[in-house]
Number of protein chains: 2
Amino acid sequence: MTTQEGRDAAEAVDSILAALADPTRRQLLNVLAAQGEATATTLAEQLPVSRQAIVKHLAVLDAAGLVSGGRAGREVRYAVRPAALDAAAQWMTALAADWDRRLANIKRIAEAADREQD
Amino acid sequence: MTTQEGRDAAEAVDSILAALADPTRRQLLNVLAAQGEATATTLAEQLPVSRQAIVKHLAVLDAAGLVSGGRAGREVRYAVRPAALDAAAQWMTALAADWDRRLANIKRIAEAADREQD
DNA sequence: CCGATGTGCAACTATAGAGTTGCGCGACAA
DNA sequence: TTGTCGCGCAACTCTATAGTTGCACATCGG
């Protein structure tokens, strides 16, 4: 594995959200998804930042599980990993559903309290 | 509406991700979802930060469409809005699916190229 | 009317992180 | 072997923002 794989779910979501919050990183992911595989040097040529900046971003994305890097000779090729993003999406969907549930419940209680007010 | 409602989808996702990236804001959303409705002052009593910090966070969350605030006399009550979160989740799911598609396609092309190498 | 409570505005501090440059080292080709 | 190319490490700058405190304004109950 590239980095840690087994980890607390909340912590994983945390790192994924933090990683996706940066516009440059999202752009980086776009380019990477379009090409399938690329090195930091190659990516730096296509984005308006230095190679070192790309390297740091790739490290963050790698730690979040959004990309994985593999060495091929003297270069390191990175690729996108859909699984982590998918997991975060599921987490968000579940959270939204939970909010909906709570809101509906609270509304129900409020209405019941209103009826008792007579 | 509380803030802007009609807006570019990418921009909306951007603000939502930025809003969710902060741990304190996520905690704030949790408390808010649990209570259904709360004021900045009430929330500040339950979280380890000042009321002003809460106010700023609520402003960010409001701009992202994740909460909405309504005035009730001299106090302002905030509530959670599941719709925005749900939209972001859908966006992420679609993106993950797109990555999967691209990866599969690239793999297919690579294998075809291999067969031509004879 | 007056005290108490809740909001809003403003100035300020401090830390995280996005970006940079410079340099040394290992890997490849001629 | 020598030059070139890509990577990794380190030090530094700078901006965004999370957090604070202080005060002024509005609203409610007595």
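On a predicted model such as this, the values are computed, not experimentally measured, just so you know. The basis for the numbers below is simple: all heavy atoms, side chains too, and nothing from hydrogens, waters or symmetry mates. Order of the sequence lines sets the chain letters (A, B, ...), proteins ahead of strands, with each chain counted from 1.
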- Message: Working to the nearest 0.5 angstrom, can you tell me the gap between B/R51 CZ and B/T41 OG1?
- Response: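 If I round to the nearest 0.5 Å, the distance is 5.5 Å.
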Who passes side-chain contact (heavy atoms from CB on, under 4.5 Å) against [X], sequence neighbours left out?
X	result
A/R102	A/D98, B/A33, B/A34
A/R77	A/E37, A/T39, A/A72, A/E75
B/A87	none
A/A53	A/V49, A/S50

Check: If you check every side-chain atom of B/V49, which of C/dA18, D/dT20, C/dT7 has the closest atom?
Finding: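 Among the listed nucleotides, the one closest to the side chain of B/V49 is D/dT20.
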Query raised in the report: Excluding sequence neighbours, so at least two apart, what forms side chain to side chain donor-acceptor pair (under 3.5 Å) with A/R25?
Result: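 Counting only residues at least two positions away or on another chain, A/R25 forms a side chain to side chain donor-acceptor pair (under 3.5 Å) with A/H57.
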Sequence neighbours excluded, the answer for side chain to side chain donor-acceptor pair (under 3.5 Å) partners of A/Q46 is A/Q35
With [X] via salt bridge (Lys or Arg N to Asp or Glu O under 4.0 Å) - residues at least two apart:
X	result
A/D86	none
A/D100	none
A/R26	B/D14

For atom CD of B/Q27 and atom C1' of D/dG19, their distance in whole Å:
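Rounding to the nearest Å, CD of B/Q27 and C1' of D/dG19 are 15 Å apart.
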Note to self: Distance check needed: C/dG17 C1' versus A/R25 CZ, whole Å only.
What the structure shows: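 From A/R25 CZ to C/dG17 C1': 9 Å.
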Within residues 50-61 of chain A, those residues having any heavy atom closer than 4.0 Å to DNA chain C are A/S50, A/Q52, A/A53, A/K56, A/H57
Per the end-axis method with five pairs at each terminus, what is the bend angle of the helix from C/dC1-D/dG30 to C/dA30-D/dT1, to 10°?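 Axis-to-axis angle, ends of the helix: 30°.
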C/dG19 phosphate, OP1 or OP2, under 4.0 Å from A/T24 side-chain N/O |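 Yes, because at least one side-chain N or O of A/T24 sits under 4.0 Å from OP1 or OP2 of C/dG19.
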Atom pairs, N/O to N/O, protein against nucleotides 25-30 of chain D, distance under 3.5 Å?
unit_1: D/dT27; atom_1: O2; unit_2: B/R74; atom_2: NH1; d: 2.7

